[in-house]
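Every chain is numbered from 1, with letters handed out A, B, ... down the list of sequences.
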Amino acid sequence: MAGYKYEPFDYVKPPELSGAAPGRYPVAIIGAGPIGLALAIDLAQRGIKSVVLDDNNVVSVGSRAICWAKRTLEIFNRLGVGERMLEKGVTWKIGRNFHGDQEIYSFDLLPEDGHKYPAFINLQQYYVEQYLVERARDFPDLIDLRFKNKVTGHVDHGDHVTLAVETPDGTYEMAAEYYLACDGAGSATRERMGLDFTGQTFQEQFLIADIEMEDSPFGENAVPERWFWFDPPFHEGKSALLHAQPDNIYRIDLQLDVDADGKAESAPEKVMPRIKAIVGDKPFRLDWVSVYKFRCIKLDRFVHNRVIFVGDSAHVVSPFGARGGNGGIQDVDNIGWKLAAVLQGGAPAELIETYHEERSHGSAENILNSSRATNFMTPKTPVEALFRAEVLKLAHDQPFARRLVNSGRLSQPCSLAGMRLQSPGVAPLEPGQPLLDAPLDGADGPTWLIDVVPPQFCLIGFGEVDLPEVPGVARIGINTIRDYPCFSSRDGFATKRYGQDGVYLIRPDGHVCAVFSEPDRHDVERACARAQGKMMEQAV
Amino acid sequence: MSDNLGPYQDDFYNALMDAHAGLSEEASHALNARLVLMLSNRIGDIETLKDILEKAREYNDE
């Protein structure tokens, strides 16, 4: 029982401190957590160079974010780490809610087959960061990883940002066209700029304990699931959550009293009896303990001219629903291609503003869901407690009441339907929705839709339709034979999800942005222009 | 709101009182909470429910 072995990343003296002139880079990414690293890789895959600056030199200490949703895994698939995460992670899809010692409700987050990735995997944040750092090293000319480089100041000059950076060898200055603040919930960038970050604060405290044990607390032969208890016999009057992670690590999350002393509660002599109450006398090792409170809050604006906030620096939510890390990766997915399009001169700078619109909308959805879950879990008044108690009582045999029980509504991909980059249209998968994966057969054998759609604008045609040739737009045919790559729908999943005929235009982040029946070149060019922010005035 | 209980107003009102008969105040509150939840499920339509919640609340604010 050793636990994860933390290997510090090498600090390398930056060129600016070895006599080189202050560098000017297309993109500076502040923070080498999952968000900053994923963004650097996304940009590198689009040919954009970035410098990643982090004040630390190790991966996340403690497992922290562990639940990675299907959509996130599909994005990680595009970034080249999805399969590795899937292989290491613990796959699960069932959430089970208990009241006392009785099960009251379970939900299946992916009831249908025909997807490369499962509903969820659990994988410690340190593994995710390790895999992302290793992947980033595949792009030595495009990603400049600078550990122990702390950004202590920045100034936005209108068309670029200058940064002051502190290292073990002294301080230096550099400049970047865009400054991506991926510096987390406690963002120093946000504080320097004095941006208001107040929102709903929850008084309840929660204890997270990760334990390593040989015997599964889910029981012998049990499939890993998400178990949530209201008022469990081992932790009366409060809530508890159990998750499985790789390496025989289990996440236990216990609600504490509002006025509990956080420091005393995280002491092993206080934590051990709480864990023993759950797992009994089976031997275990405490791997990581943390006591936390949380807020649900987002910045009014994610884009401040050349400074862009991504991930927790822009929005934080309660952990129930796994909407923090998963929301942040969707931010990366949204900003990456837009930033690349603007920097490469193919799109107007206004396209960046649509990152704010689309992801502020996604973040609001996450905050709404996680606030509602937290409110249900922690009744604030006697009457809230009364309704909660009666919902739980009814949930034992009334199906409608089971669905009122809210232990967290788990992260679902965000739809961008109705937003201005999307051309309105009607189809089984409406404009704004992210790609729905499906199994395909191709010339090289079985594959997946998410593996064959390239990270650029792409037309997918179903049935016997001719896709026009448009510069910069890839083409894929399903259930047809053409002079561009074609596949057949395996077991009917693709045609069930997209229809037997019809044409979809996919954005570089995998969201549908237009649908057609038989488009000509002009139709596609117009929809692409709109999706790149070139028709902002016309697009109402 | 339209009047929907006629002609059995008295039957309904007495049945409601009977349902509470013999309960402590706490138990009656619990019964009321269950009734709200079950009746809401029977109505189902979210706009109708929001409308009723709003109208009922108005009497608190008078």
Side-chain angles (χ1 to χ4, degrees), chain A residues 97-107 228-231 236-239 321 361 364-365 367-409 412 415 417-418, chain B:
Chain A
N97 289 335
F98 300 85
H99 180 218
D101 58 4
Q102 267 193 297
E103 182 185 332
I104 48 172
Y105 179 52
S106 67
F107 48 90
F228 192 98
W229 289 266
F230 294 94
D231 194 15
E236 274 180 33
K238 298 282 191 296
S239 66
H361 155 76
E365 190 178 283
I367 286 176
L368 178 70
N369 277 289
S370 83
S371 301
R372 285 173 168 179
T374 311
N375 286 333
F376 187 86
M377 286 162 47
T378 60
K380 301 290 180 296
T381 63
V383 80
E384 284 189 23
L386 171 67
F387 273 107
R388 219 277 298 265
E390 297 312 312
V391 165
L392 289 170
K393 195 183 286 174
L394 289 171
H396 287 266
D397 55 2
Q398 292 286 346
F400 86 90
R402 285 172 200 164
R403 301 189 55 171
L404 292 174
V405 172
N406 190 346
S407 71
R409 305 295 185 208
Q412 294 287 319
S415 170
Chain B
M1 305 183 102
S2 57
D3 174 359
N4 295 328
L5 294 172
Y8 301 109
Q9 296 90 341
D10 295 350
D11 287 354
F12 160 70
Y13 194 80
N14 281 282
L16 181 61
M17 294 306 112
D18 288 348
H20 281 275
L23 295 181
S24 67
E25 190 172 341
E26 195 187 351
S28 266
H29 282 311
L31 172 64
N32 275 341
R34 282 196 299 281
L35 282 173
V36 167
L37 295 167
M38 293 167 99
L39 292 170
S40 299
N41 179 55
R42 173 58 74 91
I43 292 166
D45 179 61
I46 185 66
E47 292 311 319
T48 306
L49 289 168
K50 282 182 175 174
D51 190 48
I52 294 171
L53 290 170
E54 198 178 309
K55 284 211 171 69
R57 173 69 195 226
E58 278 170 15
Y59 291 84
N60 281 91
D61 300 333
E62 267 177 4

| said: Under 4.5 Å from any heavy atom of chain B, what part of A/Val391 do you find: side chain, backbone, both or neither? | reply: both

| B/Ala30 and A/Leu386: which non-hydrogen atoms are nearest, and at how many Å? | CA-CD1, 3.7 Å

Donor-acceptor pairs between chain A and chain B under 3.5 Å, which ones?
{"residue": "A/Glu390", "atom": "OE1", "partner": "B/Arg34", "partner atom": "NH1", "Å": "2.5"}

